[in-house]
*Asks:* 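Shown below is the structure under consideration.
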Amino acid sequence: MSAPAPSPLAVVDAEPLPRQEEVLTEAALAFVAELHRRFTPRRDELLARRAERRAEIARTSTLDFLPETAAIRADDSWKVAPAPAALNDRRVEITGPTDRKMTINALNSGAKVWLADFEDASAPTWENVVLGQVNLIDAYTRKIDFTDPKSGKSYALKPADQLATVVMRPRGWHLEERHLAFDGRPVPGALVDFGLYFFHNAQRLIDLGKGPYFYLPKTESHLEARLWNDIFVFAQDYVGIPQGTVRATVLIETITAAYEMEEILYELRDHAAGLNAGRWDYLFSIVKNFRDGGAKFVLPDRNAVTMTAPFMRAYTELLVRTCHKRGAHAIGGMAAFIPSRKDAEVNKVAFEKVKADKDREAGDGFDGSWVAHPDLVPIAMASFDAVLGEKPNQKDRLREDVSVAPGDLIAIDSLDAKPTYDGLRNAVQVGIRYIEAWLRGLGAVAIFNLMEDAATAEISRSQIWQWINAGVVFENGETATPELARKVAAEELAAIRAEIGDEAFTAGNWQQAHDLLLHVSLDADYADFLTLPAYEQLVG
């Protein structure tokens, strides 16, 4: 590879960080600049296409499988590339941000895979963006350790053969990185995260017997998958590694993508590693797309929408059938419970729920599933061990018994549950508490014994918006109105102040978080993503 020309990328409005020169090298920035020059115009076109499709859904209140890609779905001959050895057994995957402590704990957790997250579990401060890359480089070169300044406890990596395989998740296509600019324009965050990680680590990972593996978030169409595939082809040629070295697992976490699963795998077939059922963003996407579709699209409390709901069963079973038909892994949803160090009874009940959830997924044919905490790894592992035994996956289980009609995926009114006043209060509580932490640079936050990330904040604010705009009447006789949401939010803010004290309250971002939640929950002009207005307020 010839020496790259000096990068036209500029680092703007960013305080220097320790060791940033190891990540922001001239050669790495030249690569990101070339990704930006070649692919951002197509990204822009696809974002515009999202808006057009949303307008069509608003007009019709329906979705269907695409007639123009029927031949791809009908052709039984094509399969995705065989899984590399490092991604063949994915029975338990742990998720989390790329801070130093989490990097060590996730790699050591006993899970088969770590989703190293630059997306929903990471607030995109410049420090998180750059130092997360440093931490992964240090992990691969075994130069990482960490001592907790509070407890004095030290953390170090286990032997290489005991470490999880890393699958890195860059930011979604809608997010920009304001600290890297090209001709005065910010570079898409997805290209920054992917580009820096791939440039520094692709060959290093090959040398370790693994490879550059990615989770692709927020995908809404097979055309977006095609864009990623073209990026992979270009990137592999650029650094001189074989085509097909990159592997990508696509999160089916939007309702539109659920109608294009086969097409998404087809576009990525030389690089595809599987699909994942991303529950909370999926519900958020349903609300967002069908928010003006009337009463039949009104979701009940988020915790009442279990994976056994008919429309969620249709989604997950179609995902398993699609993946296995095409030789890809089907990865299940998140167990978000965070064990309590104080309440054994809470743990007992939660562990039973986690076990039941993972037993169901393994029984349905999934090849693996997600957890948010190392203590849940053995529970999920036992569920999949019981079904898989010594087999690395169950892709041979084709689920040909599954038949899903287009309407099944959006049959929201098949649920008996209704929105409740407690559900409104919980949405406000989670929303304020999560946004406050996000504004402090934390993307994965334990709230009420659950690991919350941006996806759960999105469903919280979307449900407030939907219930108000649908004029929902709760079981206590109160109607969902802006005034009621403001009243509940004010009560929650006062409760937080009483809980943590005036000093901690004043030092935090609580009023700011309260105001932002109400803005995105009450504004008639529904924001596509909470993180867009929130990023404008994020310091760093």
Side-chain angles (χ1 to χ4, degrees), residues 13 120-128 171-172 174-176 178 189 280-281 284 287-288 291 301-302 419 421-448 450 452-472 474 478-540:
D13 297 328
D120 273 1
S122 180
T125 62
W126 187 232
E127 181 177 2
N128 288 343
R171 279 168 281 182
H174 59 288
L175 295 165
E176 310 280 19
R178 64 178 175 229
W280 294 128
D281 261 323
F284 157 52
V287 175
K288 176 161 65 172
R291 63 184 183 266
D301 303 358
R302 67 165 184 157
Y421 181 80
D422 282 346
L424 174 67
R425 181 170 293 283
N426 182 258
V428 170
Q429 290 174 320
V430 170
I432 292 175
R433 289 167 187 257
Y434 179 81
I435 294 170
E436 194 280 331
W438 196 91
L439 293 171
R440 285 188 284 115
L442 300 175
V445 187
I447 303 173
F448 308 141
L450 292 176
E452 307 285 6
D453 68 6
T456 45
E458 290 283 25
I459 186 64
S460 294
R461 65 96 179 188
S462 297
Q463 292 204 289
I464 298 168
W465 194 99
Q466 185 186 47
W467 295 345
I468 290 170
N469 282 271
V472 164
F474 297 118
E478 295 201 67
T479 301
T481 62
E483 293 70 30
L484 181 61
R486 291 189 186 99
K487 170 178 169 285
V488 172
E491 290 170 355
E492 174 59 14
L493 206 59
I496 291 168
R497 183 189 283 270
E499 177 188 324
I500 66 175
D502 287 346
E503 186 177 345
F505 184 90
T506 304
N509 303 299
W510 295 104
Q511 187 67 49
Q512 188 181 358
H514 163 279
D515 295 350
L516 182 54
L517 177 70
L518 289 181
H519 170 68
V520 295
S521 300
L522 304 183
D523 195 338
D525 185 13
Y526 179 96
D528 278 347
F529 293 95
L530 159 68
T531 45
L532 293 174
Y535 189 45
E536 295 173 11
Q537 299 183 30
L538 185 67
V539 177

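Sequential numbering from 1 along the given sequence is applied to the chain's residues. Owing to the predicted nature of the structure, the values given are computational and were not obtained by experimental measurement.
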*Asks:* In Å, rounded to the nearest 0.5 Å, how long is the span from CG of Leu522 to CG of Asn469?
*Replies:*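 Between Leu522 CG and Asn469 CG, I get 9.0 Å after rounding to 0.5 Å.
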
*Asks:* For Val520 versus Ala527, what's the shortest heavy-atom pair and its separation?
*Replies:*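 Smallest interatomic distance, heavy atoms only, reads CG1-CB, 4.5 Å.
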
*Asks:* What distance do Thr456 atom OG1 and Asp281 atom CG have between them, rounded to the nearest 0.5 Å?
*Replies:*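 Spacing of OG1 (Thr456) from CG (Asp281) equals 9.0 Å.
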
*Asks:* Just by modelled atom types, is the Gly443 backbone N or O under 3.5 Å from a matching donor or acceptor in the Tyr434 side chain?
*Replies:*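 The answer is yes, because a donor-acceptor pair under 3.5 Å joins these two groups.
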
*Asks:* For Arg178, what residues pass the side chain to side chain donor-acceptor pair (under 3.5 Å) criterion, not counting sequence neighbours?
*Replies:*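 By the side chain to side chain donor-acceptor pair (under 3.5 Å) rule, Arg178 matches no residue at all.
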
*Asks:* Find out whether the Lys NZ or Arg CZ of Arg461 is both under 6.0 angstrom from the six-membered ring centre of Phe284 and within 45° of the ring's axis.
*Replies:*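 Here Arg461 fails the 6.0 Å and 45° test against Phe284.
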
*Asks:* Give me the atom names and distance for the closest heavy-atom approach of Ala490 to His514.
*Replies:*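 Heavy atoms of Ala490 and His514 come nearest at N-NE2, 4.1 Å.
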
*Asks:* Check whether Glu458 reaches the backbone of Leu530 with its side chain - one donor and one acceptor, N or O, closer than 3.5 Å.
*Replies:*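 Such a contact is found between Glu458 side chain and Leu530 backbone.
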
*Asks:* Give the ring-plane orientation class for Phe474 versus Tyr421, where under 30° counts as parallel, over 60° as perpendicular and anything between as tilted.
*Replies:*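 Aromatic pair Phe474/Tyr421 classed perpendicular.
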
*Asks:* Would you check if the side chain of Asp120 reaches a backbone N or O of Asp453 as a donor-acceptor pair within less than 3.5 Å?
*Replies:*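 Not at all, since once roles are kept as given, no pair shorter than 3.5 Å links the two residues.
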
*Asks:* As an exercise, state the distance from OH of Tyr535 to CZ of Arg171, rounded to the nearest 0.5 Å.
*Replies:*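 Here the rounded value is 6.0 Å.
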
*Asks:* What is the minimum heavy-atom distance between Leu538 and Gly441, and which atoms define it?
*Replies:*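 For Leu538 versus Gly441, the nearest heavy atoms are CD1-N, 4.4 Å.
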
*Asks:* Begin with the C-alpha distance, continue with both residues' side-chain angles, and end with the deciding distance and a verdict on side-chain contact (heavy atoms from CB on, under 4.5 Å) for Leu439 and Gln512.
*Replies:* CA-CA 9 Å; Leu439 293 171; Gln512 188 181 358; 3.8 Å; yes

*Asks:* Could you state the interatomic distance from CG (Asp528) to NZ (Lys288), rounded to the nearest 0.5 Å?
*Replies:*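 Nearest 0.5 Å value for the CG-NZ distance: 5.0 Å.
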
*Asks:* Does Phe505 reach the side chain of Leu493, with side-chain heavy atoms less than 4.5 Å apart?
*Replies:*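 Yes, close enough: below the 4.5 Å cut-off.
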
*Asks:* Would you call Trp438 and Thr531 a side-chain contact if the rule is heavy atoms closer than 4.5 Å?
*Replies:*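 They are in side-chain contact.
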
*Asks:* Closest approach of Leu518 and Ala489, non-hydrogen atoms and distance?
*Replies:*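 Shortest heavy-atom separation between Leu518 and Ala489 comes out as CD2-CB, 4.0 Å.
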
*Asks:* Taking side chain to side chain donor-acceptor pair (under 3.5 Å) as the test, write out the residues that go with Glu492, two or more places apart.
*Replies:*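 Here the qualifying residues are Gln429, Arg433.
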
*Asks:* Measure from the side-chain N and O atoms of Asp523 to the backbone N and O of His519, and report whether any donor-acceptor pair falls under 3.5 Å.
*Replies:*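 Side chain of Asp523 to backbone of His519, a donor-acceptor pair under 3.5 Å: no, none is there.
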
*Asks:* Looking at residues at least two apart in the chain, or sitting in another chain, which of them share a side-chain contact (heavy atoms from CB on, under 4.5 Å) with Ala437?
*Replies:*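 With sequence neighbours excluded, Ala437 shows a side-chain contact (heavy atoms from CB on, under 4.5 Å) to Arg440, Leu442, Val445, given in chain and number order.
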
*Asks:* Between Trp510 and Arg497, is there a cation-pi geometry (under 6.0 Å to ring centre, at most 45° from the normal)?
*Replies:*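 Cation-pi check for Arg497 and Trp510: fails.
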
*Asks:* Just wondering, more than 12 heavy atoms not from Glu499 lying within 6.0 Å of its CD?
*Replies:*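 Buried by this count: over 12 neighbours within 6.0 Å.
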
*Asks:* Heavy atoms only: give me the nearest Leu517-Gly431 pair and the separation to one decimal.
*Replies:*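 Reported closest heavy-atom pair: CD1-CA, 4.0 Å.
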
*Asks:* Report the distance from atom CG of Asp13 to atom CH2 of Trp126, rounding to the nearest 0.5 Å.
*Replies:*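 Rounded to the nearest 0.5 Å, the CG-CH2 separation comes to 11.0 Å.
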
*Asks:* Please check this pair: side chain of Asp301 against backbone of Asp422, looking for a donor-acceptor N/O pair closer than 3.5 Å.
*Replies:*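 A pair under 3.5 Å: no.
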
*Asks:* Do Ile468 and Pro482 touch side chain to side chain, with heavy atoms closer than 4.5 Å?
*Replies:*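 Yes - at least one pair of side-chain heavy atoms lies under 4.5 Å apart.
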
*Asks:* Of the non-hydrogen atoms in Trp467 and Gly423, which two are nearest, and what is the gap between them?
*Replies:*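 Closest approach of Trp467 to Gly423, heavy atoms only: CZ3-C, 3.8 Å.
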
*Asks:* One thing to verify: whether Glu491 and Lys487 come together as a salt bridge, which I'm taking to mean a side-chain N less than 4.0 angstrom from a carboxylate O.
*Replies:*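 Looking at Lys487 and Glu491, the cut-off is met.
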
*Asks:* If we ignore hydrogens and angles and just use 3.5 Å, is the side chain of Glu478 paired with the main-chain N or O of Leu484 as donor and acceptor?
*Replies:*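 Not confirmed, Glu478 side chain does not pair with Leu484 backbone.
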
